[in-house]
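Because the structure is predicted, anything quoted here is derived from the model rather than measured. Note on naming: letters A, B, ... go to the chains in the order of the sequence lines (proteins, then strands), and numbering restarts at 1 for each one.
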2 protein chains.
Amino acid sequence: MANDTCIRLQADIEQIKSCREKLKANSKSFLQLGQVLALAGNEVRLKILFLLEEENELCPCDLSDILGMSIPAVSQHLRKLKDGNIIEARKEGQTIFYSLRNEHLKVLKPFFKIINQQNLATV
Amino acid sequence: MANDTCIRLQADIEQIKSCREKLKANSKSFLQLGQVLALAGNEVRLKILFLLEEENELCPCDLSDILGMSIPAVSQHLRKLKDGNIIEARKEGQTIFYSLRNEHLKVLKPFFKIINQQNLATV
DNA sequence: TTTGTATTTAAGTATTTGCTTAAATAAGTA
DNA sequence: TACTTATTTAAGCAAATACTTAAATACAAA
């Protein structure tokens, strides 16, 4: 970053200082929330999360069928969600059922609400 | 996708069909919400959005100073947010003030709430 | 114990992302 | 008019992303 030649003449020094402090005080939140949003900010994964909310649990095979995409592709999305502690796995014979974890539901719930509201709005 | 050899024997055909219909009915929501979440799912942009909520409006120069990153880098994030209709610009002399648009506040508000709640929790 | 089913993992690849530096606009000021 | 100042734009590049195909793993049934 060499191009740092911009401290505005009219800049409010106090405001800038206060903003920096706010960022610092919430740095953990930005990191954590940012990671969750990055995961949800992919259309395929957003659909997976929505489906898990609706159906309680689903396996990679069914998700592949529902989403119309290959099983490895689905599996790799599931792994990311699992690594992010957003979903968890339950094994039953040779099929593995994925479901939402409670931990991040606080963040996700509003999304599902918005999706369902918009659906109502268009009917 | 050649590897489509997985329709589970125990698969619930009705469930799969129902899921496909839910996705179809909400396809516009998934696209729109996905785009907003993809934008918010970047730590720098999440911080920018939070700061705009807190301060009402900020210019690229101040944001660069607050975030500790180059002006072009900030400017490019702002452009993405503007292209996504999440923020808008107001010109005053040679400085440009960015602020949140109302349109997507419904999605963003819960994030700000979560950030502030977590901050309280750690104090 | 061989065969089939469900899933993951690994390697390869095209695309996207987020920065960098340098140049271009645009608007004030000397 | 020339000279800052604030911002954007463009080009280049390293890293991340999201898929593909092929191989590996794990379990169940014949």
Measure from [atom1] on [X] to [atom2] on [N] and round the result to the nearest Å.
X       : N      : atom1 : atom2 : answer
A/Met69 : D/dT21 : CE    : C1'   : 15 Å
B/Gln35 : C/dT16 : CD    : C1'   : 14 Å
B/His77 : C/dT17 : NE2   : P     : 12 Å
A/Ile71 : C/dT5  : CD1   : C1'   : 10 Å
A/Asp62 : C/dT5  : CG    : C1'   : 13 Å
A/Lys47 : D/dA18 : NZ    : C1'   : 15 Å
A/Lys80 : C/dT9  : NZ    : P     : 14 Å
B/Leu67 : C/dG18 : CG    : C1'   : 14 Å

Legend entry - Residues in contact with DNA chain D, drawn from residues 87-100 of chain A - heavy-atom cutoff 4.0 Å: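 Listed by number, they are A/Lys91, A/Gly93, A/Gln94.
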
Phosphate OP1/OP2 of [N]: any [X] side-chain N/O under 4.0 Å:
X       : N      : answer
B/Asn42 : C/dG18 : yes
B/Ser75 : D/dT7  : no
B/Arg79 : D/dT8  : no
B/Arg45 : C/dG18 : yes
B/Ser70 : C/dT20 : yes

Inset, instruction - Run through A/Arg101, A/His104, A/Glu103 and flag the one making a side-chain hydrogen bond (donor to acceptor under 3.5 Å, both in side chains) with A/Asn85. - result: A/Arg101

Inset, instruction - Verify, without hydrogens or angle tests, whether A/Arg45 (side chain) and A/Leu39 (backbone) share a donor-acceptor contact under 3.5 angstrom. - result: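 Here the side-chain-to-backbone pair exists.
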
Legend entry - Pair B/Lys47-A/Asn26, side chain to side chain contact (heavy atoms under 4.5 Å, CB included): steps then yes or no: CA-CA 10 Å; B/Lys47 286 175 180 172; A/Asn26 293 299; over 6 Å; no

Inset, instruction - Would you indicate what B/Lys82 reaches in the nucleic acid, counting non-hydrogen atoms under 4.0 angstrom: base, sugar-phosphate, or nothing? - result: nothing

Legend entry - OH-CG distance between A/Tyr98 and A/Leu51, expressed to the nearest 0.5 angstrom: 15.5 Å

Inset, instruction - Please report the closest heavy-atom contact between A/Lys22 and B/Phe50, naming both atoms and the distance. - result: CB-CE2, 4.3 Å

Legend entry - Hydrophobic cluster membership, A/Leu100 vs A/Phe97, 4.5 Å side-chain cutoff: no

Inset, instruction - Compare the minimum distances between each of D/dT8, C/dT7, D/dA10 and the side chain of B/Gln76, then state the nucleotide with the smallest one. - result: D/dA10

Inset, instruction - Give the intermediate values and the outcome of side chain to side chain contact (heavy atoms under 4.5 Å, CB included) for residues A/Val107 and A/Leu37. - result: CA-CA 9 Å; A/Val107 182; A/Leu37 295 183; 4.2 Å; yes

